[in-house]
Amino acid sequence: MPTPTASLPQSASAPAWARRAAHAIAQCALPSGLWRIAMACGVYVGYGDQVLRDVYEIPGWGIAYVVALSVLAELAALFPGQRPVAAAAPRTLDALSWTASAVLLLVAAWQLVVVFTVESQSYLSGGTARTVWACVFAPLFAVPVLMTAVTWSYARRRHRAWSQA
């Protein structure tokens, strides 16, 4: 009988589609991170100078915030592509993965609300800047779906490995 701390056997490797989905999560976060870094470097991304100063405090501490947000988002997006760090506690990793998927779905739903509020639309200039903004942030809405698929694959493999042991 397997113990709760037993790790997955080597034969239970992730299917190719799950590995591709895990790597796609990191690729989905990259465009918005680069957009934020461009904003921090002073590249025009659709916000006027007054909005950058008053809302984002750029120049100022807002530069550090925006760059740190980009780095943290990319690091978080890289996590699903890594081998489970907590292989000694697969049930904990399983629960953590499902929780992360649920949180990502809630955050994505909240971001849709924020995107369509009057206040968020008033800061960004229209036309090309708004189109570029939409293109660089749209891939982030795929992250919850991809994370849920990767989590489902992990849980399924873990369940199969335990039932065969």
Just distance, no hydrogens or angles: give the donor-acceptor pairs under 3.5 Å from side chains in residues 64-74, sequence neighbours left out.
from, atom 1, to, atom 2, distance (Å)
S70, OG, G33, O, 3.3
S70, OG, V66, O, 3.0
E74, OE1, L30, N, 3.4

Check: Linking Ile, Leu, Val, Met, Phe, Trp and Tyr by side-chain heavy atoms under 4.5 Å, what else ends up with V145?
Finding: none
Check: In terms of hydrophobic clustering (I, L, V, M, F, W, Y; side-chain heavy atoms under 4.5 Å; direct or indirect links), are F137 and L52 co-clustered?
Finding: yes
Next item on the list: Give, for atom CD1 of I58 and atom CG of D49, the distance between the pair rounded to the nearest 0.5 Å.
Entry: 11.0 Å
Check: Closest heavy-atom contact between A14 and A18?
Finding: CB-CB, 4.4 Å
Notebook entry, point to check: With Q27, which residues qualify under side-chain hydrogen bond (donor to acceptor under 3.5 Å, both in side chains), at least two apart?
Noted result: none
Note to self: Quick check on side-chain contact (heavy atoms from CB on, under 4.5 Å): which of V143, L146, T99 does L104 satisfy it with?
What the structure shows: V143
Note to self: Give me each pair satisfying side chain to side chain donor-acceptor pair (under 3.5 Å) with a member in residues 142-153, each pair once, sequence neighbours excluded.
What the structure shows: S101-T151, S153-R157
Next item on the list: Measure the spacing between CD1 of I63 and CE of M39 and express it to the nearest 0.5 Å.
Entry: 9.5 Å
Checklist line | Contact summary for V150 and A21, nearest pair of heavy atoms | finding: CG2-CB, 3.8 Å
Note to self: Starting from W61, can I reach Y56 by hopping between I/L/V/M/F/W/Y residues whose side chains sit under 4.5 Å apart?
What the structure shows: yes
Notebook entry, point to check: Taking only residues two or more places apart in sequence or in another chain, which ones pass side-chain contact (heavy atoms from CB on, under 4.5 Å) with A102?
Noted result: none
Note to self: V55: which residues meet the side-chain contact (heavy atoms from CB on, under 4.5 Å) condition with it, sequence neighbours left out?
What the structure shows: V51, Y123
Note to self: Please say yes or no: joined through hydrophobic side-chain contacts below 4.5 Å, possibly via intermediate residues, are L140 and V136 part of one cluster?
What the structure shows: yes
Checklist line | Rounded distance (nearest 0.5 Å) linking atom CH2 of W133 with atom OG of S32 | finding: 10.5 Å
Next item on the list: Specify whether W35 and Y47 have parallel, tilted or perpendicular ring planes, treating 30° as the upper limit for parallel and 60° as the lower limit for perpendicular.
Entry: perpendicular
Next item on the list: Mind checking side-chain hydrogen bond (donor to acceptor under 3.5 Å, both in side chains) for D54 and listing every partner two or more places apart, or none if nothing turns up?
Entry: Q50
Next item on the list: Just jot down the side-chain contact (heavy atoms from CB on, under 4.5 Å) partners of A155, sequence neighbours excluded, or say none.
Entry: D94, W98
